[in-house]
Amino acid sequence: MRAAALRSAAGALLLTALSGVPAGGVPGAPGLPVAVPGRSLAPGVALAAARAAARGVDFGNCSDAQDLPGSMQCGTVAVPLDYARPNGKQVNLTVSRVPATHRDPHNSKHRVPRQGALVFNPGGPGGSGLYFPLIGLLPEWKRIGAAYDLVGYDPRGVGRSAPLSCQDPKRFFKDASPAPVHPSESYKRERVAQAKAYAQGCAKRAGSALRHYNSLNNARDLDVLRAALGEERLTFMGASYGTYFGALYATLFPSHVRRMVFDAAVNPDPAQIWYRNNLDQSAAFESRWTDFREWIAEHDDVYGLGGTAEAVLTSYERARARLAAEPAGGKVGPGQLQGAFLQAGYYDDYWPARAQALSEYLKGDPRQLIAQAGPVREAAAEAENATAVYTAVECNDASWPTDWKVWDRDNTRLARVAPFETWDNVWANLPCAYWPTARQQPLDVRTAPGELAPTLILAAERDAAAPYAGALEMHRRLTGSVLVTERDSGTHGIAGGPNACVNGHLDAYLLEGRLPVRRAACAPHPAPKPSAPRQGR
């Protein structure tokens, strides 16, 4: 489930936000042969962990430390590419840390005792957590940063950890692309051909290593990282996709868990990984798109886009048609518009800026729309890498339908009631239909009573990227877990954000090990405030 988790909490200054790209799904038809998951690779993990524990992490200055605030340090941890051959080729994971400050933000005379390392993964697959430790600079995180070393890292294949690539980054961004809500047969054939070529590009560039980029290996890598940090038991926070391989970790290594936070939980049911999760996500984005349009309509006096959700949709469609005829700045077409507004489906703090950009564009000023929706060429390599890892992990994780007719049938039906995101979600995941490696068989995530320390699941009731049913399923499968729900809200990733009730539960758990009984609910955080009208052009 690609997203920059904690985006709302951290803001653009601290976390490198990967724009929201839809997640995947599960079998609708048999794929290539599946590899049995599991515990059979435990000896390889144990050997790698013991080796990492002996070596530790030699933290020093980060390569770009001159551009970073605070006291962030960096180091590397070696993990086997293939846990069946732990003495074979290694992948160096780049790890970052800000040591616990010991400073109580409410009492300068009180020295806070260190509780260990808090490791974070922002999701994706393909998201970089390298800058996560800087979140300790924010007021909402100072108490946690006082007690914990805040630790982030680039998972295998991501960023500075032996980056994976499937195509030339110079060819990654395409200007002014279409985004048909009801694509023609010729357009579908074109996208099928592109998906096949992309899958072939991944195989050509990665070679035999490609099959080792999967969620089970991400969970195994996490145990090696735990050992390298000198932690007998892991304290971990995963967001979005990070909750899925966190749940795999809890299933594979329950005795190694101290505390775990699952923020914006993904549905871990093996039958959902990943094709059916993808369908559920597209349906959920339609509801969130309606939420956004209703908010714009409430502020028609500011934006002038219509006083009802239907009228706002008419304005949006007018912009789509105009951009199809003449892309804004030669860069922004319907595809870029849809991508920018998809981000607003993930995070409601995008709502004011997106609405303002649409309003100004329809009034003749395209500058804000170009700034918000246009491709950032300087970020092409990072974006291409994130997409390559996303694709490889999800395609390797499970069987996908290999017959285009299955995708076409399922999504044509869905697009009749959920047109906003459905087809773009298909195109993002379609390389998995033509994937060249054997697939994993998804692990059955579940823990027995008393097997796993109590864990905390956080979920927004109207989250589109990780629909709420997934949090309920995660809660059911992880015995002893506690679910905290932010009611009537849809932000994707709620830890450390604007909701004091949610943050109270997070702090109580991480700092004191204290949880409510089984379930708790929080009122929604305040809706965004509309933009102040811009003066002139």
Side-chain angles (χ1 to χ4, degrees), residues 1-2 19-32 34 124-126 157 164-175 177-207 210-211 213-214 273-279 281-282 333-336 338-339 342 375 380 383-415 419 421-440:
M1 318 288 277
R2 172 86 56 82
S19 63
V21 177
V26 152
L32 292 175
V34 295
L164 184 67
S165 175
C166 288
Q167 67 180 111
D168 184 346
K170 294 178 181 178
R171 298 174 50 220
F172 181 75
F173 285 126
K174 298 176 176 62
D175 287 341
S177 61
V181 174
H182 301 292
S184 66
E185 291 303 314
S186 62
Y187 185 79
K188 291 175 183 177
R189 288 193 295 271
E190 179 183 341
R191 296 308 300 253
V192 166
Q194 290 176 10
K196 290 178 178 178
Y198 187 83
Q200 292 165 1
C202 294
K204 181 177 180 181
R205 284 179 169 247
L210 185 62
R211 65 188 177 92
Y213 296 91
N214 57 65
I273 308 298
W274 287 108
Y275 183 74
R276 291 179 186 141
N277 266 344
N278 198 35
L279 295 172
Q281 190 189 57
S282 292
Q336 288 68 37
Q338 202 272 346
L342 176 64
E384 190 280 325
N385 166 239
T387 299
V389 176
Y390 167 83
T391 307
V393 170
E394 293 215 352
C395 294
N396 283 332
D397 270 1
S399 295
W400 290 73
T402 57
D403 185 349
W404 162 247
K405 293 179 181 178
V406 174
W407 296 70
D408 196 16
R409 178 200 66 204
D410 292 346
N411 288 280
T412 296
R413 290 172 179 169
L414 183 58
E421 168 58 1
T422 294
W423 284 107
D424 273 5
N425 219 351
V426 171
W427 311 136
N429 293 283
L430 190 57
C432 294
Y434 311 106
W435 201 242
T437 70
R439 318 305 180 91
Q440 296 285 320

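This chain uses plain numbering: 1 for the first residue, then up along the sequence. Basis for what follows: all heavy atoms, side chains included, without hydrogens, waters or symmetry-related copies.
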Are any non-hydrogen side-chain atoms of [X] and [Y] less than 4.5 angstrom apart?
X      : Y      : value
Arg211 : Gln440 : no
Leu210 : Pro436 : yes
Thr437 : Trp435 : yes
Leu430 : Tyr198 : no

Can you establish whether the number of heavy atoms outside Lys174 located under 6.0 Å from its atom NZ is more than 12?
yes
Output the distance between atom [atom1] ([X]) and atom [atom2] ([Y]), rounded to the nearest 0.5 Å.
X      : Y      : atom1 : atom2 : result
Arg205 : Cys166 : CZ    : SG    : 8.0 Å
Thr422 : Gln281 : OG1   : CD    : 10.0 Å
Ser282 : Asn425 : OG    : CG    : 3.5 Å
Asp403 : Arg409 : CG    : CZ    : 9.0 Å
Lys204 : Ser165 : NZ    : OG    : 12.0 Å

Residue set satisfying side-chain hydrogen bond (donor to acceptor under 3.5 Å, both in side chains) with Arg191, at least two apart, ordered chain then number -> Tyr187, Gln194
Checking the side chain of [X] only, and the main-chain atoms of [Y] only, is there a donor and an acceptor separated by less than 3.5 Å?
X      : Y      : value
Asn411 : Trp407 : yes
Glu384 : Gln167 : yes
Asn396 : Ala392 : yes
Gln338 : Gly335 : no

What are the two closest non-hydrogen atoms of [X] and [Y], and how far apart are they?
X      : Y      : answer
Gly126 : Ala386 : O-CB, 3.6 Å
Cys395 : Pro431 : SG-C, 4.2 Å
Tyr390 : Ala428 : CE2-O, 4.2 Å
Asn385 : Gly157 : ND2-O, 2.7 Å
Phe172 : Ala380 : CD2-O, 4.3 Å
Ala415 : His182 : O-CE1, 3.9 Å

Sorted by chain and residue number, the salt bridge (Lys or Arg N to Asp or Glu O under 4.0 Å) partners of Asp168 (sequence neighbours excluded) come out as none
Please step through side chain to side chain contact (heavy atoms under 4.5 Å, CB included) for the pair Glu394 and Asn277, ending with a clear verdict.
CA-CA 11 Å; Glu394 293 215 352; Asn277 266 344; over 6 Å; no
Would Asp424 and Leu342 count as a side chain to side chain contact (heavy atoms under 4.5 Å, CB included) if you check the C-alpha gap in whole Å, the side-chain angles of each, and the deciding distance to 0.1 Å?
CA-CA 10 Å; Asp424 273 5; Leu342 176 64; over 6 Å; no
Could you tell me which residues satisfy ring-ring contact (aromatic ring centres under 6.0 Å, His included) with Trp423, sequence neighbours excluded, listed by chain and number?
Trp427
